[in-house]
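A, B, ... follow the sequence lines: proteins, then strands. Residue 1 opens every chain. What you see is a predicted model, and the numbers here were worked out from it, not measured in a lab.
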Amino acid sequence: MKFTCLLDLASHWASEKGVDVPQLVAEICPADKPGDITLNCFRIAKGLRSNPMQLAQGAQEFLEAHQDVESVEVEKAFVNIILTPKATHEATVADAEAFFESVKLPEAERLNYLIEYSAPNTNKPLHLGHLRNNALGMALVEILKKVGHEVHPVNLVNDRGIHICRSMEAYKRFGNGETPESTGVKGDHFVGSFYVKYAQELELQVKALKEDEPGLAEQSTDKLFLQTEIGQATQRMLIDWENRVPEVIELWELMNSWVLAGFNQTYDRMGVYFDKCYMESETYKLGKDIIDVGLEKGVFYKREDGATEIDLKKYKLDKKVVLRSDGTSVYITQDIGTTILKADDFNPDAMVWVVGDEQIYHFKVLFAILKELGYEWADKLYHLAYGMVNLPSGRMKSREGTVVDADNLFDELHELAKAEIRKRFNGQELPADLEHRAEVIAQGAIKFMLLKVNPKTTMMFDPEAAVKFEGDTGAYLQYVCARIASMLRKASDSEVTDYVDWALLNHKKEKELSLCLARYPQVIQKAAQDKDTGQLGTYLLDLGKAFNGFYHDCPVLKSDVDPSLRRARLELSDRVFTTLKDGLNALTIDTLESM
RNA sequence: GCUCCCAUAGCUCAGCUGGAUAGAGCAUCAGAUUUCUAAUCUGAGGGUCACUGGUUCGAAUCCAGUUGGGAGUACCA
């Protein structure tokens, strides 16, 4: 927000005191104070090494004489300024093109980002936790694009390993040749059901084992895994998979194709897309050659027992094994290799991983190793570590059946949204796009709920609150858009002049609205910088509330409104509409012309 | 044991580089609708910002410690 009166004040001070005056940043005046904007002289005084009270006095004297200023009041070192309406609106949103252009970062600060998110396992359907990941990843992509970065989203599908073999082994035993097509079950759910069956069978075998050998009674299922018949069979299957045994590969390909088809449906519904999907089955052997290079460089060393290790005490981290003594890879080896592959593929300036906060340590280690290996992009790696999603009853536990399934949640919200629409049509003919409206509202509800909080917060998902479309919700914001769209529709046939007289918008709510709008470019840039969707969500709610206040107090289309005032209010409303839509789209939430 | 994160209204969450009397939504109570779409708006009650000390003109915010919670700490992924 660049207000002429503050620019003038800055140059006035500069010439008066003969020093450089940093840019004077205005704050929004608190609602209970007399003013539109506030100059905090406590803050300015530090830079100028002056007395805050005297600065405030001086500011008042200067500003009272300024043509953009109606009045000034000083409280302590706060200078509360009431601007003329013209100055308020023209410094903020009058020039729509300039306003939206100011969202973009300077050319020199724009980067090429590579963002990895989602990273599902192909053995179970997606649940609420994945939805937080997906929503964050998608939104981060759009926010970064919005401020001018180039962004490439990628996925890394965990399609191999012992957990995948579990579903396969169970299918071999209990599948009876059924398929998603023959049963009509979505592919990922179909395969997931065998993962569940596997767990049941394993428990039975463990129980039998413990009955045979009471000494094992205290052992965990994981410990006894390889002593069960099914566990051994699964382990053999993993080895067969690695040896590319045709019938195992065939089954694996078949079941993965089912799961991925299911995931793609869910992705499409959310609007998830990727520039590239890496499959772990194709990348899991990567990284070993890099370890050799690192050994030569002295980054790694061989331990006496043959394992290859790196000492990261310089980074306040522990030692980390990167190759087992038998020469095989560990998880981080693969991650090193995959990261380098991604860097080669996209040549990014910066990379982001959207992964849960339980892996914070892992990424610290990964980044430190890549730094030691000397990659030029190693300083621009970021782990967006989000907190987990809890239920009122606590953590989601698959064993207790409390996992909130993604597809079911979508369906449930869709039906509830539809019921809400029906309620409002109250017997009238329903709109032709009823299903579309319900889906946009449902997606908006779940996404906004997940994105409005700070990503790092361990958040609570309350099903009761999620199914309401009131208060701090996506629907609240979509509703504002629908209201404005309705006004703009009704006004479209009226005469539209190019000239908007912003000086007419002198109502407190009108000025507040412009001042709130004016924060948008900074907010979205800060959200991009901090990779924090919560800041944007909070802001959009502020904007929505500011509009609803205006809408309540300032009639636009009523017959007694002067045409030029109506014109100006429509223009302001249009700016809210465009901004809200832009901001919601940055959160990957769609808007509606009618709800 | 060690490391990291968290603690703000009954509940869920904001609170930017320290700045005015700590905010919002939900819930509770009281109001507003011959509508520009009430999925809305207005008002009320509700706080020892976990605790103790420190830095500062000024601390929810910074520092140290205490208590309580979560996560991580494998030749697992």
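Separating the P atom of rG23(B) from that of rA32(B) is a span of 28 Å, rounded to the nearest Å. rA9(B) and rA50(B) have their P atoms separated by 8 Å, with the value rounded to a whole Å. Annotation: rG70(B) and rG65(B) have their P atoms spaced 22 Å apart (nearest Å). For the P atoms, the distance from rA44(B) to rU3(B) is 48 Å, rounded to whole Å. Nucleotides rC51(B) and rA74(B) place their P atoms 36 Å apart, quoted to the nearest Å. If you take atom C1' in rU17(B) and the same atom in rU28(B), they sit 39 Å apart, rounded to whole Å. Nucleotides rC62(B) and rG19(B) are separated by 10 Å at their P atoms, to the nearest Å. Nucleotides rC57(B) and rU73(B) place their C1' atoms 45 Å apart, quoted to the nearest Å.
Backbone-only contact: Arg395(A) has heavy atoms under 4.0 Å from sugar-phosphate atoms and none from a base. Among the heavy atoms of the strands lying under 4.0 Å from Ser594(A) is at least one base atom, whether or not backbone atoms are also near. Residue Lys558(A) is in base contact, counting any heavy-atom pair closer than 4.0 Å across all strands shown. Contact annotation for Glu593(A): base contact, defined as any heavy-atom pair under 4.0 Å involving a base atom. Residue Tyr476(A) is in sugar-phosphate contact alone, with no base atom involved, counting any heavy-atom pair closer than 4.0 Å across all strands shown. When heavy atoms are screened at a 4.0 angstrom cut-off, Cys481(A) is found touching no nucleic acid atom at all.
Between Lys423(A) and Glu420(A), at least one side-chain N (NZ, or NE/NH1/NH2) sits under 4.0 Å from a carboxylate O, which counts as a salt bridge. Salt bridge absent: Asp532(A) and Lys456(A) never bring a charged side-chain N and a carboxylate O closer than 4.0 Å. With respect to Glu116(A) and Lys342(A), a salt bridge is recorded, a charged nitrogen being found less than 4.0 Å from a carboxylate O. A salt bridge links Lys418(A) with Glu435(A); the closest basic N to acidic carboxylate O contact falls under 4.0 Å. Using a 4.0 Å cut-off between a side-chain N of Lys or Arg and a carboxylate O of Asp or Glu, Glu571(A) and Arg566(A) do not qualify as a salt bridge.
Distances shorter than 4.0 Å separate none of the side-chain N or O atoms of Lys545(A) from OP1 or OP2 on rG25(B). Contact annotation: Asn548(A) does not reach the phosphate of rU40(B) (side-chain N/O to OP1 or OP2, under 4.0 Å).
Distance CG (Asp472(A)) to P (rA24(B)): 11 Å, rounded to an integer number of Å. Note: CD (Glu75(A)) to C1' (rG19(B)) measures 12 Å, nearest angstrom. Nucleotide rC57(B) holds its C1' atom 11 Å from the NZ atom of Lys76(A), rounded to whole Å. Put simply, CG on Leu317(A) is 13 Å from C1' on rC2(B), counting in whole angstrom units. In this structure, the NZ atom of Lys468(A) is 9 Å from the P atom of rC26(B), given to the nearest Å.
The 5' end of RNA chain B is approached more closely, in terms of each residue's nearest nucleotide, by Tyr479(A) than by the other of Tyr479(A) and Lys509(A). Residue whose closest nucleotide on RNA chain B sits further toward the 5' end, between Asn80(A) and Ala417(A): Asn80(A).
Tyr284(A) carries Arg160(A) over the face of its six-membered ring, with the cationic atom under 6.0 Å from the centre and within 45° of the normal. Figure legend: Lys33(A) and Phe78(A) shown without cation-pi pairing, the cationic atom not lying both under 6.0 angstrom from the six-membered ring centre and within 45 degrees of its axis.
The side chain to side chain donor-acceptor pair (under 3.5 Å) search around Asp305(A) returns Arg303(A), not counting sequence neighbours. Remark: Ser573(A) engages no residue in a side chain to side chain donor-acceptor pair (under 3.5 Å) (not counting sequence neighbours). In this structure Tyr278(A) satisfies the side chain to side chain donor-acceptor pair (under 3.5 Å) test together with Asp345(A), sequence neighbours excluded.
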Checklist entry - How does protein reach along nucleotides 12-17 of chain B, written 5' to 3' as B (base within reach of a heavy atom under 4.0 Å), S (only sugar-phosphate), or - (no contact)? => result SSS-SB
Checklist entry - Taking protein heavy atoms under 4.0 Å as touching, what does nucleotides 72-77 of chain B look like 5' to 3' if B marks base contact, S marks sugar-phosphate-only contact and - marks none? => result SS-BSB
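Residue Lys456(A) has its side chain nearest to rC6(B) when only rC6(B), rA39(B), rA27(B) are considered. Among the nucleotides rA20(B), rG19(B), rU37(B), the one closest to any side-chain atom of Asn40(A) is rG19(B). Across rC41(B), rG19(B), rA20(B), the shortest atom-to-atom separation from the side chain of His552(A) is found for rC41(B).
With ring centers used as reference points, Trp353(A) lies under 6.0 Å from Phe363(A). The aromatic ring centroids of Phe367(A) and His383(A) lie 6.0 Å or more from each other.
Searching all strands for a Watson-Crick or G-U wobble partner of rA22(B) with both distances below 3.5 Å returns nothing. The pairing partner recorded for rU52(B) is rA64(B), the criterion being a Watson-Crick or G-U wobble arrangement whose two distances lie under 3.5 angstrom. Under the Watson-Crick or G-U wobble criterion, with both distances below 3.5 Å, rA71(B) is paired with rU3(B). Look at rC76(B): it lacks any Watson-Crick or wobble partner with both distances under 3.5 angstrom. As the counterpart of rU17(B), no nucleotide is assigned, since no Watson-Crick or G-U wobble pattern has both distances under 3.5 Å. With a 3.5 Å ceiling on both atom-pair distances, the Watson-Crick or G-U wobble partner of rU40(B) is rA32(B).
Here Phe78(A) does not count as stacked on rG19(B), because the ring centres are not under 5.5 angstrom apart with planes under 30°.
Under 3.5 Å, the side chains of Asp311(A) and Tyr301(A) contain no donor-acceptor pair of N or O atoms. Side-chain polar atoms of Asp222(A) and Ser220(A) form no donor-acceptor pair below 3.5 angstrom.
Residues from residues 420-430 of chain A that place a heavy atom under 4.0 Å from any atom of RNA chain B, listed by number: Ile421(A), Arg424(A).
Not one N or O on the side chain of Asn123(A) forms a donor-acceptor pair closer than 3.5 Å with the backbone of Ser167(A).
The base of rA39(B) is not paired with the side chain of Thr473(A) by any donor and acceptor separated by under 3.5 Å.
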